[in-house]
Structures are given as structure tokens and as C-alpha cells.
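Letters go in sequence order (proteins before strands), and every chain restarts at 1.
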Number of protein chains: 2
Amino acid sequence: MIQPRTLKGFRDYLPDAMMPREELVNTARKVYRSYGFAPIDTPTLEYAEILLGKGSDETDRQMYRFQDHGNRDVGMRFDLTVPLARFAAQHIGTLGTPFKRYHIATVWRGENTQRGRYREFMQCDFDTIGTKSLVADIETALVIHDLMQAIGFEAFTVRVNNRQVLSGLLEKLDLAEKSTEILRALDKLAKIGPEKVAAEMQEAAGASAEQAAQVLKLAEIRGTSDEILSALDKLVAGSEKGETGVGQLRELTQAAAAAGVPAERLQIDVSIARGLDYYTGTIFETFLGELPGIGSVCSGGRYNDLASLYTNQELPGIGASLGLDRLLAAMEELGKIEQRTTPAEVFLPYFDEQSLQAYLKIASQLRGAGFNVELYPEAKKLGQQLKYADRRGFKVAIVAGERELAENSCQLKDLKTGDSQTVSLSEGAAELIAAIPKILRGSA
Amino acid sequence: MIQPRTLKGFRDYLPDAMMPREELVNTARKVYRSYGFAPIDTPTLEYAEILLGKGSDETDRQMYRFQDHGNRDVGMRFDLTVPLARFAAQHIGTLGTPFKRYHIATVWRGENTQRGRYREFMQCDFDTIGTKSLVADIETALVIHDLMQAIGFEAFTVRVNNRQVLSGLLEKLDLAEKSTEILRALDKLAKIGPEKVAAEMQEAAGASAEQAAQVLKLAEIRGTSDEILSALDKLVAGSEKGETGVGQLRELTQAAAAAGVPAERLQIDVSIARGLDYYTGTIFETFLGELPGIGSVCSGGRYNDLASLYTNQELPGIGASLGLDRLLAAMEELGKIEQRTTPAEVFLPYFDEQSLQAYLKIASQLRGAGFNVELYPEAKKLGQQLKYADRRGFKVAIVAGERELAENSCQLKDLKTGDSQTVSLSEGAAELIAAIPKILRGSA
């Protein structure tokens with residue numbers, strides 16, 4: 001006998017966990033598609049040299065890497081960005097630009113599991129490649145907004161910034177060469193506070209106290225979008241890059257408002273920097289109003305050149321990634337996940353042993369009308385079957401014994417309230433089909 | 001520069017290939033759910049000893065296997081049956097029975113690619129575990145039927161057989177001990193013909209010429225379900241097992257007919273055997289009327305004991321697996337796959353550079369009404385944008401220049417016929433929203 005168990009850092013998804021995942025993925029897919037993003041997929045296994053191409057030391061170490069049957073040095077993908085870069089380099093001639101793709105797929109990292117991290121998880125990315133137009137940035141903001149709304153959140157904020165604003169300021173301050181060090185220090189602002197950040201800027205980036213103060217002044221601007229934009233105008237005045245960045249932030253927020261996004265859901269936040277070096281323009285983070293502490297649930301930004309490791313063709317783009325696991329954890333914490341283990345609403349007990357064909361017919365009629373119906377496979381005691389239905393989370397049960405069936409009727413039972421009503425089965429079960437949605441609405 | 005390429009036996013899915021895959025998976029999910037099957041997922045990586053537990057030498061050799069970061073001996077799943085067995089053994093106490101699950105996931109096999117096989121492919125399995133009731137067998141047949149119909153096939157046949165019929169006959173003939181050898185010989189019937197099969201039965205199973213003839217007589221029964229059942233009644237008379245098998249076939253076909261399945265779509269075929277040893281009752285194969293040569297596109301059967309390697313608990317069940325890649329190849333060959341590279345129907349050119357906000361508003365109104373809309377991100381020449389729309393496979397374009405927008409109207413263009421009509425944008429673009437479906441229906 002072999003002990004049934006999973007590897008450390010890996011997990012089974014039972015129906016109660018898998019159903020909300022499927023629903024979330026479906027919602028993401030629907031919203032991405034509504035903006036014309038098309039699905040792609042890439043192989044789980046790739047040549048190690050391709051996956052490691054852009055990687056940091058950390059992802060190198062975390063990658064699952066081995067020799068395949070042909071002694072090739074292969075790895076399992078650890079994100080969807082590197083495969084996208086390879087994919088775009090290889091196929092952009094066929095695909096044409098602008099190319100809008102989404103990719104919802106599993107990735108693997110041999111991470112330390114002590115931080116509550118899993119070694120297998122899903123990413124939900126969308127990107128627009130091959131255009132520098134700000135329209136793509138605006139639509140990225142709209143997609144994030146629509147996505148959060150479609151998932152069922154009311155209170156959330158998409159925070160937007162533009163890397164060129166800071167770059168412009170650093171140009172003005174003659175600190176452009178040190179932008180990486182400045183960014184790294186700024187990224188710690190929330191954690192270590194302005195004084196320590198100023199100290200780090202002076203030490204690591206060789207900034208003067210006055211220069212560090214100017215940078216911090218930028219990062220600490222707060223207010224409405226209009227207030228922030230006015231303050232930024234003054235700070236970057238004279239730097240072409242800075243003015244471009246502020247102009248893009250202005251156009252983006254105005255366009256989003258025109259498209260119907262409420263101001264409180266899209267806010268300029270000059271303090272967000274996003275660690276990654278390769279962002280060059282607009283950057284996004286998204287926070288839940290009820291649970292800001294869990295961090296950004298959808299982040300991304302604009303980059304100048306996606307695939308420079310694999311092609312000479314310049315491929316600018318913008319995209320973002322939905323944090324599926326973080327979002328599910330949040331939804332669970334907020335009670336937004338229904339506790340059920342069946343995708344079916346309607347339970348049909350196998351009550352009278354001789355009437356199987358009648359039950360099959362009822363089930364078939366209801367499925368034809370769009371309901372998900374489970375017929376219990378064994379003619380056990382009714383009470384036992386109803387207990388099963390209750391445990392699974394069914395909403396209604398259709399109870400039909402010999403007598404009801406002889407009258408071509410059934411009992412329609414609301415499993416939440418326990419109420420029962422007699423319903424006719426004639427004319428293709430039309431009365432039953434009409435009655436069920438009323439109960440489902442009541443129990444929703 | 002790193003050469004962008006995929007590993008042998010692996011492939012990228014571009015949108016034109018990925019969209020039909022997504023649709024097929026969605027259809028499968030929908031049908032499985034309509035019968036109360038719930039989704040699960042298991043890890044890609046498992047302990048090698050678990051995956052190899054039930055494997056044959058061939059799957060052992062084909063499995064991707066390596067040492068992970070903790071020096072564990074791990075493998076990538078090569079099917080969804082072994083993980084299901086491990087999963088059921090581990091969780092059945094929590095899940096309860098009957099447990100109905102579907103599992104749609106990728107599996108990997110380091111196979112010889114010369115036969116046109118891929119090393120990474122998707123399986124779509126559904127199973128009912130923990131009941132011996134024939135109702136589960138009947139529903140499996142119904143699921144396969146509904147699935148094929150929902151995918152869009154009219155002419156197909158689910159072929160059903162029952163292992164107990166042959167077992168009963170072999171018992172009567174005193175050949176029960178040799179059933180594996182007999183099955184192996186019978187499996188070759190279509191390929192090598194009855195004479196060679198008879199010879200093999202005599203050689204490998206020690207059957208007499210008379211016994212071999214009796215077995216072949218069974219395998220060669222043809223006719224309507226009623227004719228086959230009468231013939232089988234006679235052949236197995238006196239064997240309890242054989243009579244049970246024939247009785248189950250009779251009940252299954254009658255029940256399916258009662259549930260509305262046309263007789264030509266569910267046929268008893270005593271020649272199907274299915275190679276795998278572990279089937280013990282009902283078995284299924286499914287063939288396309290227009291392309292029978294590609295083989296079964298959905299197969300499965302009943303087994304006595306799913307997880308005996310991992311638990312002492314007896315777990316009988318029945319299930320089947322949809323051959324996704326085979327089905328997609330067939331649909332492509334039959335012209336059932338639309339050639340498009342966008343999931344959006346509506347194309348919105350960025351025509352007048354100054355009117356971005358108006359375009360964003362139109363797009364948002366249409367998305368709110370359920371349409372998938374792509375706004376072109378750059379204000380290029382209209383002809384260039386419409387060429388892009390044509391290549392991608394959009395159905396309609398909404399052309400609105402400065403003049404149209406000033407009049408709060410737009411041109412709605414049928415991209416198939418080239419026809420255009422002027423449509424008002426007032427009252428939330430109600431006229432536009434009403435007009436688009438008419439064109440979409442026409443181009444469907």
C-alpha cells in the first residue's frame with residue numbers, strides 16, 4: 001500500500017475550493033475577451049536557457065529544472081512573462097500588431113513554503129503588445145476596473161503612476177544615472193519612513209540632502225487627481241520626460257472618467273514604484289477597500305521592449321496580472337465565497353425504485369431548460385438522500401413518489417426554508433421550470 | 001540573442017488554435033456541471049512512487065521524472081486517473097460518496113513524437129465514484145451524448161458493451177482463467193480478422209476450435225439493440241454473470257431511450273473490448289459518423305476498485321474521458337472551426353484623433369450590453385484599421401468620424417457584406433445595441 005499524500009508546497013483542490021477558482025477564471029476570461037484580448041497558451045516545459053534568459057538569481061534557483069528524455073536542459077515556466085516574450089519574438093510576424101493576448105496558466109517555483117507560499121500557482125495575465133499608444137494604457141486601467149467590478153467588489157482603488165514623472169524629476173536634479181538606486185530606496189518608503197529613505201538616497205545614490213528632499217516631496221504628494229496633477233506640473237516643469245509623464249497621467253484619468261470609472265476607483269498615487277526595472281511608463285496597483293493590507297491584487301505597467309533577449313524587433317507593450325490566489329483568500333475572508341461542493345442547484349432524489357425512467361426524463365427536461373441537476377444514483381431512504389443534498393449545498397429538491405408520478409406531478413422543495421409545493425409535470429414540466437428560478441432567487 | 005523556439009513535442013497555441021480549445025473545454029465543463037459533476041484539481045508534480053504505482057512499463061518510461069529542490073523523487077502526471085485514485089484515497093472521507101468529479105487538466109508524456117503525438121496534452125475526465133448503481137452507468141452514457149450534441153455533432157454513435165457478457169460466456173466455456181489472453185486476441189479482431197484471432201485464442205489461451213468459434217460468434221453479433229440483446233440472452237443463458245451483463249445493457253439502453261437519446265446514437269456493440277484490464281462492467285466508445293476512422297473520441301467504463309494501491313476502502317466507479325485533441329482535429333477537418341483570431345465581434349476604429357473619449361464611451365456602452373469590443377489604439381488611416389479588422393475576423397465595425405459624432409450617430413458596417421447603415425447613438429446607444437445582433441445572426 002502506498003501512502004496517499006501530496007508534495008510539500010502543493011495542494012489538491014477539492015470542489016469547495018475549485019468552484020470559486022473556476023468562477024474567478026471565467027470572470028477574468030470574460031472581461032479580457034470583452035476588450036478583444038485573445039487567449040494563448042505556451043508549453044509548461046521550455047529550454048532552460050530561454051526561461052533563464054531574463055531571470056534574476058532568485059528565479060534561477062527556484063525554477064524546476066532537469067534533463068528530459070533527450071538529455072535537453074529543460075525547466076518548468078516560473079511566470080507567464082518570459083514565455084510571452086519568447087512567444088512574441090517567435091510569432092509576431094504571424095500575429096501582427098497590436099497584439100492583445102491573455103494567458104491564464106499554472107506556473108511553478110520551488111519557493112520557501114514557510115511564508116505561506118505555494119510552489120504551484122496560477123497566473124492570469126493580459127497584455128497589449130506592439131503599440132506605444134496611451135489608448136492601450138487607458139484600456140488596461142478599464143480592464144482592471146471592469147474585472148474587479150465583475151468579480152463582485154464595490155470598494156477598490158486602482159492606483160496609477162507613471163515612471164516618467166520621477167525620471168523627469170531625477171533628470172532635473174541631475175540624478176538620472178542613479179534612478180535604480182533611488183527607486184530601490186523609494187520602494188521602502190511605507191516600510192521604513194521618509195528619514196531612512198532620505199539617508200539611503202544619500203548613501204546609495206549619492207544624492208544631496210536637498211535632492212533627497214525634492215524626491216521625497218514628489219513621493220509624498222497626496223490629494224485628488226487634480227490636486228496631484230497641479231503639484232506635479234510644478235515639480236517637473238522644464239523636463240520634457242516629466243511633462244510627458246504628467247500629461248499621460250492627466251489624459252488617462254480623464255479618459256477613464258469619460259468611460260464611466262468613478263474617481264474614487266482610479267487614483268493617482270505617486271508613491272507606487274513597482275520594483276521591476278523594466279517598467280517605463282504607466283504603472284498600476286489595485287487595492288481592496290475592505291482589505292488593503294493584503295496588498296495589490298492586480299498590478300502591471302508599460303514596458304519599452306518586451307523581447308529584446310530573443311529578437312531585434314522592438315516590442316513595446318503594457319499589461320497587468322490578476323493575483324488569483326490573493327484575491328481568493330480575500331474573498332474568503334470577506335465572506336464572498338459560498339460554501340457548496342456541487343455546481344448543481346437541483347437535487348432529484350431516487351425515491352421510488354420503479355420510477356427511474358420518470359426521474360431521468362424530469363432531469364433531462366430540466367437540463368434542457370438550463371438547470372444543473374443531480375439525480376441520486378441509489379434508491380436509498382429519502383431522508384438519507386436529502387441529508388446528502390443538504391451537505392452538498394443544493395438549493396432545491398424535486399421529490400416524486402409513486403403517487404405524485406401517477407398524477408404527473410412532484411413536490412418542489414426549497415432546501416433552505418424547508419417549504420414544499422406541489423407542481424405539475426405536464427407540458428414538458430413547464431410549471432416546474434417556471435417555479436425553480438423563483439426559489440433560486442430567494443435563496444441567493 | 002537567444003533563439004526563440006519550443007521543445008520537440010511541445011507547441012504554442014496561437015489565438016486561432018486556442019479559442020476553439022477554450023470553447024470545447026467550456027462546453028465540456030457546462031455539460032459535466034449540468035449532471036452535478038464538480039471540478040477538482042491535483043498537483044502537476046507528485047511523488048514518483050505514487051504516479052508509478054499503477055503504471056505499466058511504458059508510462060514509467062514516458063514519465064517526466066526528476067529530483068526536486070529537496071531531493072525528492074518527483075514526476076509530472078501522465079494521466080488524470082492515477083491522481084484521481086490518490087486523491088480519492090486521501091479525501092473520500094471528507095468528500096463523501098457518491099462523489100462526482102470532473103478534472104480538465106494538462107498531462108505530460110515523453111512519447112515518441114513520430115506518430116504525430118505531443119508530449120503535452122489536455123485530458124477532460126469525469127467519474128462517479130463510490131456507487132455500483134447502474135444509474136451512474138446510464139448517466140455516463142447521457143453525459144457523453146449531451147456532450148457530443150453540445151459540441152455541435154449531429155451524427156455520432158456511443159457504442160456500449162458490458163465486460164460481464166464476455167466474462168459470463170467465458171465462464172460457461174470454462175475459459176474464465178484465460179480472459180486476459182482472450183481479450184487481447186479479441187482486441188485485434190478489426191485489424192487481423194476472425195481466423196487469426198481464433199488461432200491466437202487457441203495458441204495463447206489454450207481454447208479449443210469450438211470454444212474460439214463461440215467467442216467469435218459473440219463478438220460478431222450485429223443488429224439493432226433488441227436483436228443483439230436476444231442473441232446475447234441465448235449465448236450467456238445459465239451464467240449468472242453473463243445474464244447480469246446482458247440485463248445491464250438492456251436497462252441502460254432502455255433508460256437512455258426514455259431520457260430522449262435517439263436509438264442510432266447509442267448502440268450496443270459487443271465487439272468493443274477496451275484494452276485496459278481494470279474495466280469490469282459497462283464500457284463505452286464514441287465514434288463520429290462523418291469521421292469514424294479517427295477512432296473513439298470519448299471512452300471509458302466501470303471499474304470495481306479505483307484506489308486499491310492507496311487505500312483499503314473499496315471504491316467502485318465509472319467514468320469517461322473526452323479526447324480533446326482528437327476532437328479538435330476532427331472538427332477542423334470537418335470545417336466546424338471558424339477561422340478567427342479575436343474573441344471580439346465588434347471593431348471600433350480610432351478614426352477621429354480628437355474623439356477618443358467618445359469612442360471609449362461607445363465601447364463601454366456596448367460592453368455593458370454584453371458585446372466584446374476592440375478599440376484600435378492608434379488613429380491610423382481608416383483603411384488600414386479596417387484591413388486589420390478583416391484579418392482578425394471581426395464581424396462588424398462602428399465607424400464614427402467628427403461629423404457623425406457631432407450628430408450623435410455612427411456608421412454600423414457589416415464586415416462580411418460591406419453594407420453600412422447610419423445608427424443613432426442617443427439613449428445609451430440603444431439603436432446600435434439593437435442593430436448589432438441582427439448583423440451577427442446574418443453572418444453566423
Side-chain angles (χ1 to χ4, degrees), chain A residues 2 4 6-7 10 12-15 18-19 22 33-34 36 38-47 49-50 53 64 66 68-69 72 74 86-87 89-91 96 98 110 120 131 133 135-136 255 258-260 309-310 341-344 350 356-357 360-361 364 367 372 374-375 377-378 391, chain B residues 2 4 6-7 10 12-15 18-19 22 33-34 36 38-47 49-50 53 64 66 68-69 72 74 86-87 89-91 96 98 110 120 131 133 135-136 255 258-260 309-310 341-344 350 356-357 360-361 364 367 372 374-375 377-378 391:
Chain A
I2 300 164
T6 51
L7 288 159
F10 290 81
D12 286 325
Y13 292 100
L14 274 64
M18 193 63 192
M19 286 194 296
E22 271 203 350
R33 292 171 79 106
S34 77
I40 68 161
D41 202 6
T42 64
T44 294
L45 296 178
E46 301 242 15
Y47 283 101
E49 64 159 8
I50 284 179
Y64 286 97
F66 58 96
D68 77 357
H69 298 81
R72 299 174 198 89
V74 303
R86 195 268 308 148
F87 178 97
Q90 202 170 333
H91 303 296
E120 175 175 60
T131 178
S133 164
V135 173
L309 276 165
Y310 315 104
T341 66
T342 176
Y350 186 0
L356 176 61
Q357 296 195 1
L360 288 170
K361 193 176 157 193
S364 162
R367 287 186 194 114
N372 296 335
E374 180 167 332
L375 168 63
E378 297 171 18
R391 268 202 314 273
Chain B
I2 300 165
T6 52
L7 288 159
F10 290 80
D12 286 326
Y13 293 101
L14 275 64
M18 193 63 192
M19 287 195 294
E22 270 203 351
R33 293 172 79 106
S34 77
I40 68 160
D41 202 5
T42 64
T44 293
L45 296 178
E46 300 243 14
Y47 284 101
E49 64 158 9
I50 285 179
Y64 286 96
F66 58 95
D68 77 357
H69 298 82
R72 299 172 198 91
V74 303
R86 194 270 306 150
F87 178 97
Q90 200 170 334
H91 302 296
E120 175 175 61
T131 178
S133 164
V135 174
L309 277 165
Y310 316 104
T341 64
T342 175
Y350 186 0
L356 176 61
Q357 296 195 1
L360 289 169
K361 192 176 161 196
S364 162
R367 288 187 193 113
N372 296 336
E374 180 167 331
L375 169 63
E378 297 171 19
R391 270 201 314 274

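Here the CG atom belonging to Asp41(A) is positioned 4.5 Å from the CE atom belonging to Met18(B), to the nearest 0.5 angstrom. A distance of 12.0 Å separates CG of Asp68(B) from CZ of Phe66(A), quoted to the nearest 0.5 Å. A distance of 10.5 Å separates CD in Glu49(A) from CG in Leu309(A), rounded to the nearest 0.5 Å.
Here the side chain of Tyr310(B) pairs a donor or acceptor atom with the backbone of Ile50(B) at under 3.5 angstrom.
Of the listed residues (Ile40(A), Val135(A), Leu7(A)), the one with the most heavy-atom contacts under 4.5 Å to chain B is Leu7(A). The candidate from Pro377(A), Pro15(A), Ser133(A) with the greatest count of non-hydrogen atom pairs under 4.5 Å with chain B is Pro377(A). Contact count versus chain B (heavy atoms, under 4.5 Å) is highest, among Ser364(A), Ala344(A), Ala255(A), for Ala255(A). With chain A as the partner, the residue from Ala89(B), Gly260(B), Ala258(B) showing the most heavy-atom pairs under 4.5 Å is Ala258(B). Contact count versus chain A (heavy atoms, under 4.5 Å) is highest, among Gly36(B), Ala38(B), Gly110(B), Pro343(B), for Pro343(B). With chain B as partner, the option from Arg391(A), Glu378(A), Lys361(A) having the largest number of non-hydrogen pairs under 4.5 angstrom is Glu378(A). Taking Leu356(A), Leu375(A), Thr44(A) one by one and counting their heavy-atom pairs under 4.5 Å with chain B, the maximum is reached by Thr44(A).
Both the backbone and the side chain of Thr131(A) have a heavy atom closer than 4.5 Å to some heavy atom of chain B. For a residue to count as touching a neighbouring chain, one of its non-hydrogen atoms must lie under 4.5 Å from one of that chain's; by this rule Glu22(B) touches chain A with the side chain only. For chain A, the nearby part of Arg72(B) is the side chain; its heavy atoms alone come within less than 4.5 Å. With a 4.5 angstrom heavy-atom cutoff, Thr6(B) touches chain A via backbone and side-chain atoms both. For a residue to count as touching a neighbouring chain, one of its non-hydrogen atoms must lie under 4.5 Å from one of that chain's; by this rule Glu46(A) touches chain B with backbone and side chain alike. Looking at Gln90(B), both its backbone and its side chain come within 4.5 Å of chain A, counting heavy atoms on both sides.
Below 30°, between 30° and 60°, or above 60°: for Tyr64(B) and His69(A) the angle between ring planes is above 60°, a perpendicular geometry.
In this structure His91(B) satisfies the side chain to side chain contact (heavy atoms under 4.5 Å, CB included) test together with Asp12(A), Leu14(A), Arg86(B), Phe87(B), Leu95(B), sequence neighbours excluded.
Closest approach of Arg367(B) and Ser34(A) over heavy atoms only: NE-O, 2.8 Å.
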